[in-house]
Number of protein chains: 2
Amino acid sequence: MPSAFHAAGSEIFSQGSEARSLYIVKFGCVRIYRLLADGRRQISAFHLPGEVFGFEADDRHHFFAEAVGATCTLSIRVSATTELSRELLPLALRGLVRAQEHLLVLGRQNAPERVAAFLVDMFERQGGLDRLELPMSRTDIADYLGLSLETVSRVFTKLRERGIIRLLSLRTVEIAKWRSLAEMCE
Amino acid sequence: MPSAFHAAGSEIFSQGSEARSLYIVKFGCVRIYRLLADGRRQISAFHLPGEVFGFEADDRHHFFAEAVGATCTLSIRVSATTELSRELLPLALRGLVRAQEHLLVLGRQNAPERVAAFLVDMFERQGGLDRLELPMSRTDIADYLGLSLETVSRVFTKLRERGIIRLLSLRTVEIAKWRSLAEMCE
DNA sequence: CGTTGCTTTGAGAGCTCTCAAAAGGCGTGG
DNA sequence: CCACGCCTTTTGAGAGCTCTCAAAGCAACG
């Protein structure tokens, strides 16, 4: 299994390129996104260590993938006839459910609810530690939540003022009132 | 393959119920959706004749499915050990890409762009006829696009006034300027 | 011909965006 | 160790898009 190192911001694959393998995040973080003609960007997913990404419907990538920070990935060559289909289906389905759940956030939740949903999700994926190190910038979070970076920043400030979160550094978050945060997601 | 008829608005499966089979739409239309505690609804997909729905990540449904109009479905019992995994993966992946593409619409496009994207998508799926019979209400379209039903209605009116579409009846749409519509999606 | 539900249209409010500038962090070099 | 410069983040002000509330218009159906 060939492993690869990616510097912060470097491309892992791009939309339209040939899709020949899947990837597993070894360490770091990967953003999957799509662009509109005028540059608007929507990040459809962040992938953390242990997660698999690179699924495509045909032999072309429909999305871009970039390393958020310094990141290491393993790539797995997957042919159509491989035995892996059986093990891949559950992963693909998990991704499908996640994407559909994110549609609810983007379509029907307001800014505070979106940020709360993001934080809850990140915390749960990091294994329930009470301190979270965000690998991505406010801009990345905004493009994931369909907001402007200023709105994301304002919501963080509001959550801090209300004592729901603590910001140990710009990207280190501690949940003070887990209950309040979870209730914001409904 | 047991087939089932569903009256307009009737439930096919509900969130939390046991997921034991997949479904194929024979005729009609199905909406897949999720609800927030206060009743806000996000439709993640409409399924037209020939399409498969009911994919889940575990043995529970994470979404609701309802017949939009009078609808007939075939259900397929799928066990984990079945030979179908190989054929199912491409379908699941197609759904994943569709959901992720819809994230871009909800996260980064404005109301006219969303409606345009919806119409283009529906037209392409109906096989490129120049006349489209929408099976769903404005409310359904709104809940699919993350808009209010009034905004959807206003955009339809605007598209009609600009000569981009014609409304033969409330739910029968004809594209007059395909080019303009496609350009609205970027 | 009245009822019922869906759709359209209008008016005002509110949330989020854009533009702009200040503040804060971090690494490099003196 | 401190100063500088760059990049990220925060904060502010005003504009704009979409929502909510409300009422009127339409179409289907008994």
Side-chain angles (χ1 to χ4, degrees), chain A residues 7-9 29 31 36 38-42 68-70 105-119 133-162 165-173 184, chain B residues 7-9 29 31 36 38-43 66 68-70 105-119 133-162 165-173 184:
Chain A
C29 177
R31 58 178 170 248
L36 288 172
D38 61 1
R40 282 175 287 177
R41 181 179 70 156
Q42 177 63 43
V68 171
V105 176
L106 295 191
R108 288 299 178 210
Q109 296 196 293
N110 59 30
E113 291 169 338
R114 292 185 202 198
V115 173
F118 168 73
L119 289 174
E133 188 68 29
L134 294 174
M136 71 290 285
S137 68
R138 300 287 188 266
T139 300
D140 282 338
I141 298 173
D143 283 351
Y144 176 67
L145 296 177
L147 299 170
S148 69
L149 71 99
E150 294 94 332
T151 295
V152 171
S153 178
R154 277 184 257 264
V155 173
F156 268 89
T157 300
K158 196 67 78 178
L159 290 175
R160 183 168 48 71
E161 287 173 352
R162 288 175 52 193
I165 64 172
R166 274 187 290 272
L167 290 175
L168 307 185
S169 78
L170 284 177
R171 298 196 183 177
T172 309
V173 187
M184 289 181 67
Chain B
C29 177
R31 59 180 170 246
L36 289 172
D38 61 1
R40 282 174 287 177
R41 181 179 70 157
Q42 178 63 43
I43 295 178
E66 283 176 0
V68 171
V105 176
L106 295 192
R108 288 300 178 209
Q109 296 196 292
N110 60 28
E113 290 169 339
R114 292 184 202 199
V115 173
F118 169 73
L119 289 174
E133 187 68 29
L134 294 174
M136 70 291 285
S137 68
R138 299 287 188 266
T139 301
D140 282 338
I141 299 173
D143 284 350
Y144 176 67
L145 296 177
L147 300 170
S148 68
L149 70 98
E150 294 93 332
T151 296
V152 171
S153 178
R154 277 184 257 265
V155 173
F156 268 88
T157 300
K158 196 68 79 182
L159 290 175
R160 183 169 48 72
E161 287 173 353
R162 289 175 51 192
I165 64 171
R166 274 188 290 274
L167 290 174
L168 307 185
S169 77
L170 285 177
R171 299 196 182 176
T172 310
V173 187
M184 289 180 67

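Below, chains carry the letters A, B, ... as their sequence lines are ordered, and counting in each starts from 1.
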Subject >> Closest non-hydrogen atom pair, B:P112 against B:V155 >> reply: CA-CG1, 3.9 Å
**OP:** Supply the atom-to-atom distance A:S153 OG to A:K158 NZ, rounded to the nearest 0.5 angstrom.
**Re:** 11.5 Å
Original post:
Can you list the residues that meet the side chain to side chain donor-acceptor pair (under 3.5 Å) rule with A:T172, with sequence neighbours excluded?
Top reply: A:E133, A:S169
**OP:** Scan residues 147-155 of chain A against DNA chain C and write down, sorted by residue number, each residue with any heavy atom closer than 4.0 Å; if none is found, say none.
**Re:** A:L147, A:S148, A:E150, A:T151, A:R154
Original post:
Given atom NZ of A:K158 and atom C1' of C:dT16, what is their separation to the nearest angstrom?
Top reply: 14 Å
Subject >> Rounded distance (nearest 0.5 Å) linking atom OG1 of B:T151 with atom CG of B:N110 >> reply: 11.0 Å
Original post:
Separation of B:N110 atom CG from C:dC15 atom C1', in whole Å?
Top reply: 16 Å
Original post:
Please give, in whole Å, the distance from D:dT8 P to A:R171 CZ?
Top reply: 8 Å
Subject >> Close approaches to DNA chain D from residues 133-140 of chain A, in residue order (heavy atom, under 4.0 Å) >> reply: A:S137, A:R138
Original post:
What string of B, S and - do you get for nucleotides 21-26 of chain C, 5' to 3', when a contact is any protein heavy atom under 4.0 Å?
Top reply: ------
Original post:
Which whole-number value in Å describes the distance from B:I141 CD1 to C:dT8 C1'?
Top reply: 14 Å
Subject >> Phosphate contact (C:dT16 OP1 or OP2) by A:R114 side-chain N/O below 4.0 Å >> reply: no
**OP:** Taking A:R166 for its side chain and A:V173 for its backbone only, find out whether a donor-acceptor pair lies under 3.5 Å.
**Re:** no
Original post:
Under the salt bridge (charged side-chain N to carboxylate O under 4.0 Å, His left out) test, which residues partner A:R40, sequence neighbours left out?
Top reply: A:D38, B:E113, B:E186
Original post:
Nearest-Å distance, CG (B:L167) to P (C:dT9)?
Top reply: 10 Å
Original post:
Say you draw a straight line from CZ of A:R162 to OG1 of A:T157; how long is it, rounded to the nearest 0.5 Å?
Top reply: 13.0 Å
**OP:** Report the distance from atom CZ of B:F156 to atom C1' of C:dT8, rounded to the nearest whole Å.
**Re:** 13 Å
Original post:
Starting at the 5' end of DNA chain D, which residue's closest nucleotide do you reach first, A:T157 or A:R108?
Top reply: A:T157
Original post:
For A:L106 and D:dT18, what is the distance between atoms CG and P respectively, to the nearest whole Å?
Top reply: 16 Å
Original post:
Does some side-chain heavy atom of B:M184 sit less than 4.5 Å from a side-chain heavy atom of B:L159?
Top reply: yes
Original post:
Partners of A:F156 by ring-ring contact (aromatic ring centres under 6.0 Å, His included), sequence neighbours excluded?
Top reply: none
Subject >> Closest non-hydrogen atom pair, A:L106 against A:G146 >> reply: CD2-N, 4.0 Å
**OP:** Let me know the distance between CZ of B:R40 and P of C:dC15, rounded to the nearest Å.
**Re:** 13 Å
Subject >> End-to-end axis angle, where each axis spans five pairs of the helix from C:dC1-D:dG30 to C:dG30-D:dC1, to 10° >> reply: 30°
Original post:
Judged by atom type as modelled, is there a donor-acceptor pair below 3.5 Å linking the side chain of A:Q42 to the main-chain atoms of A:Y144?
Top reply: yes
Under 3.5 Å, sequence neighbours excluded: what are the donor-acceptor pairs made by side chains of residues 135-143 of chain A?
| residue | atom | partner | partner atom | Å |
| --- | --- | --- | --- | --- |
| A:S137 | OG | A:T139 | N | 3.4 |
| A:S137 | OG | A:D140 | N | 3.1 |
| A:R138 | NH1 | A:L170 | O | 3.2 |
| A:R138 | NH2 | A:L170 | O | 2.6 |
| A:D140 | OD1 | A:R31 | NH1 | 3.4 |
| A:D140 | OD1 | A:R41 | NH2 | 2.7 |
| A:D140 | OD2 | A:R31 | NH1 | 2.9 |
| A:D143 | OD1 | B:R108 | NH2 | 2.7 |
| A:D143 | OD2 | A:R41 | NE | 2.6 |
| A:D143 | OD2 | A:R41 | NH2 | 2.9 |

